[in-house]
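Source: prediction; values computed, not measured. Every heavy atom of this structure was used, including side-chain atoms; hydrogens, water molecules and symmetry mates were not. Here is the naming used below: chain letters follow the sequence lines, and residue numbers restart at 1 for every chain.
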Amino acid sequence: MSAPRAVGREVERVDGVEKVTGAARYTADLKFPRLLHVAVVRSPHPHARVLGVRTERAARAAGVRAVASGRDFPLHTGIYLKDQTVFATDRVRFVGDPVAAVAAETPEEAAAGAALVEVDYEPLRPIFDVEEGIADGAPLVHPDLGRYEVVPWIQPKAGTNVCNHLKIRKGDYEGALRRSSRVFENVFRVPQVQHVPLEPHVSVARVDLAGKVEVHTSAQSPFTVRHLLCACFGLSHGDVRVHVPYVGGGFGGKAGINLEPIAVALAKRCPGRWVRVMVDRHEEFFATVVRQGLTATLVTGVDRHGKVQAQKMHYLWNCGAYGGYGVNIVRAAGYTCGGAYEFPNVWGDSIGVYTNRPVGSAYRGFGMQEIHWALEQQMDFVACELGIDPVEFRLLNALGAGKATVTGQVLDEDAGRVDLCIRKVAAEVGMDPARQRRPYSGKGIACAVKAPAMPNDAASSVVMKFAEDATLEVLISGIDYGQGLMTVAAQFAAEALDVPVETVRVRGCPDTDLSPYDWQTVASRQTWATGNAILRAAEEIRRQLLATAAEALGVPPGELALARGTVAHAASGRSIPLARLVMGYQFPDGHAIGGPVSASASYLPEGLLFLDPETSQSAKPVAKWTFGAQAVEVSVDRETGQVTVEKVSACYDVGHVINPGLIRGQTYGGIVQGLGTGTMEELIVDTTTGRAVNASLMDYKIPSFEDVPAVLTAEFVETPQRDGPMGARGIGEHTMIPTPAAIANALFDACGVRIHDLPITAEKVWRALREKERGERERAGAAGVPAAAPAASGAIA
Amino acid sequence: MRKTITLEVNGASETAEVEVGTTLLRLLRDGLDLTGTKEGCNEGECGSCMVLLDGRPVNACLVLAVEADGARVTTVEGLSRDGLLHPLQRAFLAHAAVQCGFCTPGMIVSAVALLRDDPDPSEDAVRRALSGNLCRCTGYRQIVDAVRAAAAALRAGEGAPEPPRRAETRPTALPVREEVPA
Amino acid sequence: MPSDLDYRSPSTVDHALALMSEAPGGAFLLGGTDLLPQMRTGRRAPSVLVDLKRIAELREIRETADGGLSIGAAVPLADVETHPLVRARYALLAECVSTVGAWPLRQRATLAGNICNASPAADTAVALLAFDAVVGAVSSEGRRTLPMSRFFTGPGRTALRPGELVTDVVLPATSRGFAGSYLRLSRRKGMDLATVGVLVGRSDGELPPRYRIALAAVAPTPIRAVAAEELLEARGPKAAAEAAELAMDACAPITDLRGSAEYRREMVGVLVRRGVAMLERKARP
């Protein structure tokens with residue numbers, strides 16, 4: 001193959017012109033004749049028994065065309081654990097739990113109808129905290145947990161609030177702890193946060209008079225939506241058709257299934273009518289899904305050389321009211337619990353706990369930012385206590401080729417180089433231990449690692465075909481909700497067949513009736529999985545083109561080359577442009593050969609093995625790892641506690657940069673989203689009422705233009721992934737994983753205070769500084785000497 | 001209560017009968033099918049619905065359609081003409097400043113207003129002027145670059161809308177000469 | 001919103017008042033940036049909106065006979081903050097205005113609307129309080145003026161009578177030329193309500209100078225810290241720390257999403273000290 005033409009180049013987004021002109025249509029932009037509007041009746045109680053739902057008055061109200069409620073739809077759904085019905089049946093489990101819904105001719109009539117639905121509740125004691133949820137005698141959020149259908153690799157505990165528990169048992173933790181020269185223990189907490197995609201969730205459905213269900217939805221995974229809709233309505237996959245137009249951000253919140261069942265339930269009640277369920281920004285915060293909360297307790301035992309020998313991770317996940325998706329976050333956090341480090345002896349427990357909070361689900365990073373918040377601060381803490389430079393301490397303990405993860409997987413040469421990432425970002429922000437220091441200014445680092453968390457058989461497939469003018473069409477069902485998949489797909493196709501990228505059209509708004517299967521757009525898996533499928537399909541396309549051209553030119557296919565939109569025979573100097581081949585070749589006498597050129601191909605990760613149910617040991621539990629690191633520089637206002645992040649430098653080993661502009665965008669975007677969860681975001685639930693009290697963009701702030709650090713840098717290491725397309729591996733989620741921990745570590749470096757509970761707000765820093773200064777004054781008073789360097793807390797050695 | 005209003009939208013006069021409570025955003029999206037203007041929050045916090053109202057950037061969700069009676073409205077659809085892109089649209093593509101694209105139209109409309117008032121904005125000026133436009137994907141960095149690059153292009157007299165790249169490249173993308181076998 | 005909601009856009013103040021007297025459940029509409037979201041959440045449900053933006057006299061910024069500046073009720077904040085006379089004579093007001101929402105919001109929002117909404121965190125109100133601004137109001141009973149110091153009566157409440165409308169806000173000539181800063185803490189740098197806002201101003205070219213300290217988001221209404229001002233006037237900037245204590249004593253903050261009462265109170269002290277120090281730095285560059 002000749003030099004790169006499309007891959008590795010800053011190709012402009014193939015969906016860009018549509019997006020900058022306003023031509024791109026998102027679900028709410030689609031027009032449907034005589035569309036019905038929906039209002040959802042939601043539980044005002046965090047936990048209550050539903051004694052009765054009366055919908056008769058609502059059904060008779062002006063403009064109301066359909067009413068649906070709980071007991072009519074008894075089937076459960078959920079991607080891994082089927083623990084949720086379309087509407088609450090006998091019990092509501094969070095404020096916002098759907099109880100019924102009304103479809104009417106106007107939004108106002110729908111709202112008026114919904115107000116007439118009468119629900120009798122018997123309030124039950126709610127639980128909001130994980131500690132409360134796992135306590136003996138805690139009220140059960142799901143008394144029927146033992147009867148729910150579940151995939152074999154998720155382990156709910158019937159009769160408790162534990163929806164999954166993954167154990168890591170590697171080596172001899174207890175023995176190694178006893179032999180450790182020093183031991184450190186800390187607790188870190190992460191609150192629930194929300195994804196805040198700019199486009200709120202919206203789904204439109206119709207059941208036609210023949211019974212076929214058609215859905216247009218803002219979702220990350222059309223085929224999984226279809227699959228789960230079939231589960232909750234008892235339908236055949238053959239009778240459900242899902243379309244996904246452009247999607248205005250998802251970040252995991254539009255993975256799995258969301259509003260689609262409510263739309264379909266109502267659509268079934270008024271066949272032939274289109275029904276649209278749309279949440280407003282207020283509902284988006286608590287009635288869709290949120291990121292799970294975490295309480296992490298970490299114990300680290302080190303030897304005299306500063307090598308970690310014993311590492312314990314105890315993760316309690318606040319899964320909220322339903323865990324259908326969240327149970328797999330619990331699992332992923334378990335088998336990744338050691339982060340980017342080699343720990344020889346590990347005791348890990350990752351436990352998912354139901355509570356009466358909003359529903360926890362996937363969020364960019366899938367648990368990884370949360371566990372790195374704990375682990376990367378713990379590593380910093382230990383380094384500081386040992387008097388070792390945090391960069392050196394990380395390098396000493398980092399994973400790499402030949403080293404074993406917490407599941408005992410020994411990494412190959414192609415696994416990626418976290419050590420190089422650490423060195424590069426440390427150099428970029430100037431973390432030399434001998435550096436000049438300024439008061440209340442500090443630098444910190446954190447590493448990141450993540451693997452795709454998905455079923456072992458999660459597959460992607462593509463179809464490639466030509467239009468008459470040799471425009472190459474690539475049909476994919478991965479969703480480009482901003483990350484650039486359509487562009488990357490065009491680049492792979494153009495590269496593989498040596499056609500100009502401008503002649504490729506990626507059909508990236510899938511229709512499950514017509515598009516090739518793809519499991520889900522999650523897990524940073526699309527560039528890798530769809531990319532591999534495209535390269536395979538391209539090989540078949542090439543074979544067909546060369547076979548027809550060989551016959552046309554009367555030469556062996558092996559003597560032909562496909563280049564620059566032409567099949568050429570070098571020896572004779574003859575060539576045929578693709579436009580004369582893609583629909584079949586016609587000889588001068590009129591007879592034709594070949595036929596429309598097309599191919600389909602798929603990719604399924606190979607060689608993945610289940611985890612051992614007791615120890616989670618496995619030689620290949622995941623398809624690939626992506627490692628990276630970020631370093632940040634902060635300044636702290638001593639009197640107000642305000643932390644200004646001045647600079648963030650990121651470096652990831654991505655295998656192969658496919659598109660520099662897009663990957664920088666992923667990196668900067670991830671950093672700033674990480675800055676949001678790091679410094680300002682928390683969905684606050686009032687534990688007396690169960691209501692989310694800051695469910696608006698006025699009260700829940702995400703970073704704005706003015707919050708972005710003055711300097712952002714992005715660098716990449718390219719250690720090719722053996723089974724990656726042209727060596728590439730995933731990067732979408734990884735960019736937001738280490739940011740909060742790196743900021744926390746820089747804060748400690750700046751002023752000696754450590755914030756254990758996200759987010760790092762000015763007021764928390766101010767309190768910590770005040771506490772520290774008070775402590776210093778007291779010690780100085782007691783000892784009669786000036787205050788010493790920052791004291792650490794939590795060491796139990 | 002319904003009222004009849006007339007306004008100029010992207011250069012065309014439009015007359016519509018609207019409920020008093022109908023926002024300009026609803027009228028544009030539902031009545032005129034100008035769906036480039038997005039509804040992100042309906043509370044004036046996200047900027048996805050930014051339009052120019054008599055030249056001023058405003059959140060269309062905070063303006064009633066009746067308030068716009070007699071006004072001149074420009075939406076993102078009014079920025080490109082005859083398939084030719086506005087320099088800001090061009091720059092957003094060239095600087096990879098677009099991801100999911102939901103905030104993009106509002107972002108570009110705000111930037112049009114900024115560059116009209118300040119042809120050479122500093123980085124800080126861009127950040128301040130666009131702080132009413134939220135983006136969850138890009139981290140804003142490339143948007144700042146795009147706006148400043150477009151400002152430079154406009155200052156250099158490259159104000160005329162440009163064709164999208166696809167239209168430029170398509171006719172020449174494939175060889176037209178064919179060499180048939182003997 | 002209700003389907004019987006009516007909208008009128010009179011071109012004179014008299015007509016506006018007449019419309020409102022016909023419809024006691026009505027509301028005057030200025031920028032709508034507070035009113036429309038409140039109507040959407042059901043907090044307010046007027047029967048008719050009387051839009052004041054088409055009344056020419058309310059759209060003016062003009063000098064008063066005695067050298068003050070009258071800012072019409074319907075002038076958008078963006079026009080206030082960029083107006084040459086505001087910038088030259090009442091720069092601190094321009095600074096406060098520029099912290100309200102974002103630039104597009106300020107194309108609609110107005111000074112009068114901001115104070116009529118009577119948020120404890122109203123950024124513009126601190127400058128108006130500091131400058132002893134006077135609110136011009138008119139009702140069917142006639143015109144009157146209300147000093148800013150008596151305008152707010154509680155969170156979301158003002159001294160306006162039902163059916164009374166604000167015509168303008170007048171900045172007196174005696175408040176020209178104050179130097180100083182509006183220091184503000186918020187959770188996010190761009191477009192956020194103040195957690196604490198502190199204006200520290202000092203008159204230029206007078207001996208002894210007059211001081212102004214006004215506070216946002218630390219009491220049921222925006223307030224002046226008069227005792228702190230008097231102390232600084234009596235003892236000068238060296239009394240900054242004691243003035244800061246007096247300002248802290250003047251506030252009565254609550255704990256909410258944006259910060260605790262304790263933090264807010266402490267920050268008032270920090271920001272008053274800083275504001276005074278900044279005056280010194282500005283005076284002696």
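- Atom CG of B:L93 is separated from atom CZ of A:R13 by 9.5 Å, given to the nearest 0.5 angstrom.
- Residues A:S704 and B:S131 share a closest heavy-atom pair of CB-O, 4.2 Å.
- Both the backbone and the side chain of A:A28 come within less than 4.5 Å of a heavy atom of chain B.
- If you measure heavy-atom distances from A:P709 to chain B, the contacts under 4.5 Å come from the backbone alone.
- Applying a 4.5 Å heavy-atom cutoff, the residues of residues 670-678 of chain A that approach chain B are A:V672, A:Q673.
- Ion pairing between B:E45 and A:K701 holds under the 4.0 Å rule for side-chain N and carboxylate O.
- With a 4.5 Å cut-off on non-hydrogen atoms, B:E43 touches chain A through its side chain but not through its backbone.
- Looking at A:S696, the atoms closer than 4.5 Å to chain B (heavy atoms on both sides) sit in the backbone and in the side chain alike.
- Note that CD1 of B:I143 and OH of A:Y668 are 13.0 Å apart. Values are rounded to the nearest 0.5 Å.
- Side chain of B:Q142 to backbone of A:G661: a donor-acceptor contact under 3.5 angstrom is found.
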Verdict with reasoning, A:K31 to B:T35, per side-chain contact (heavy atoms from CB on, under 4.5 Å): CA-CA 10 Å; A:K31 294 289 185 287; B:T35 55; 3.5 Å; yes
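- The distance from the OG1 atom of A:T667 to the CZ atom of B:R141 is 13.5 Å, given to the nearest 0.5 Å.
- Only the side chain of A:P200 comes within contact range of chain B, with at least one heavy atom under 4.5 Å from a heavy atom of that chain.
- Inter-residue side-chain proximity for A:L198 and B:C46 is flagged as met; some heavy-atom pair is nearer than 4.5 Å.
- For the set B:D30, B:I108, B:L130, the entry with the most heavy-atom pairs within less than 4.5 Å of chain A is B:L130.
- Under the 4.5 Å side-chain criterion, counting only non-hydrogen atoms from C-beta, B:D124 is not in contact with A:E706.
- Neither the backbone nor the side chain of A:H569 comes within less than 4.5 Å of any heavy atom of chain B.
- In this structure, no portion of A:A23 lies under 4.5 Å from any heavy atom of chain B.
- Contact check on B:R127 versus A:D707 returns no salt bridge, with no Lys/Arg side-chain nitrogen under 4.0 Å from an Asp/Glu carboxylate oxygen.
- Salt-bridge formation is detected for the pair A:E12/B:R90: a Lys NZ or Arg NE/NH1/NH2 atom is positioned less than 4.0 Å from an Asp or Glu carboxylate oxygen.
- Between A:E284 and B:R136, no side-chain nitrogen of the basic residue sits less than 4.0 Å from a carboxylate oxygen of the acidic one, so the salt-bridge criterion is not met.
- B:Q89 contributes a side-chain N or O that, together with a main-chain N or O of A:V20, makes up a donor-acceptor pair within less than 3.5 Å.
- Of the two parts of A:V247, only the backbone, made up of N, CA, C and O, holds a non-hydrogen atom closer than 4.5 Å to a non-hydrogen atom of chain B.
- Taking each heavy atom of A:Y481 and B:C100 in turn, the nearest pair found is O-CB, 3.2 Å.
- Each of B:L85, B:V76, B:L79 was scored for a side chain to side chain contact (heavy atoms under 4.5 Å, CB included) with A:T21, with one residue passing: B:L85.
- The two atoms that bring A:L697 and B:C41 nearest to each other are CD1-CB, 3.7 Å, heavy atoms only.
- Interface residue B:A94: backbone and side-chain heavy atoms are both found under 4.5 Å from chain A.
- Under the 3.5 Å distance criterion, the side-chain polar atoms of A:R281 are matched with a main-chain donor or acceptor of B:G40.
- Within the structure, the ring-ring contact (aromatic ring centres under 6.0 Å, His included) test picks out the following pairs touching residues 125-151 of chain B (sequence neighbours left out): A:F705-B:Y140.
- With A:K19 contributing its side chain and B:T104 its backbone, the two residues share no donor-acceptor pair below 3.5 Å.
- Of all the listed residues (B:C103, B:C137, B:G44, B:G78), the one sharing the greatest number of non-hydrogen pairs under 4.5 Å with chain A is B:C137.
- With rounding to the nearest 0.5 angstrom, the CD atom of A:E199 is 11.0 Å from the CD atom of B:E39.
- Residue A:P703 comes nearest to B:L134 through the heavy atom pair O-CD2, 3.9 Å, listed as atom of the first residue, atom of the second, then distance.
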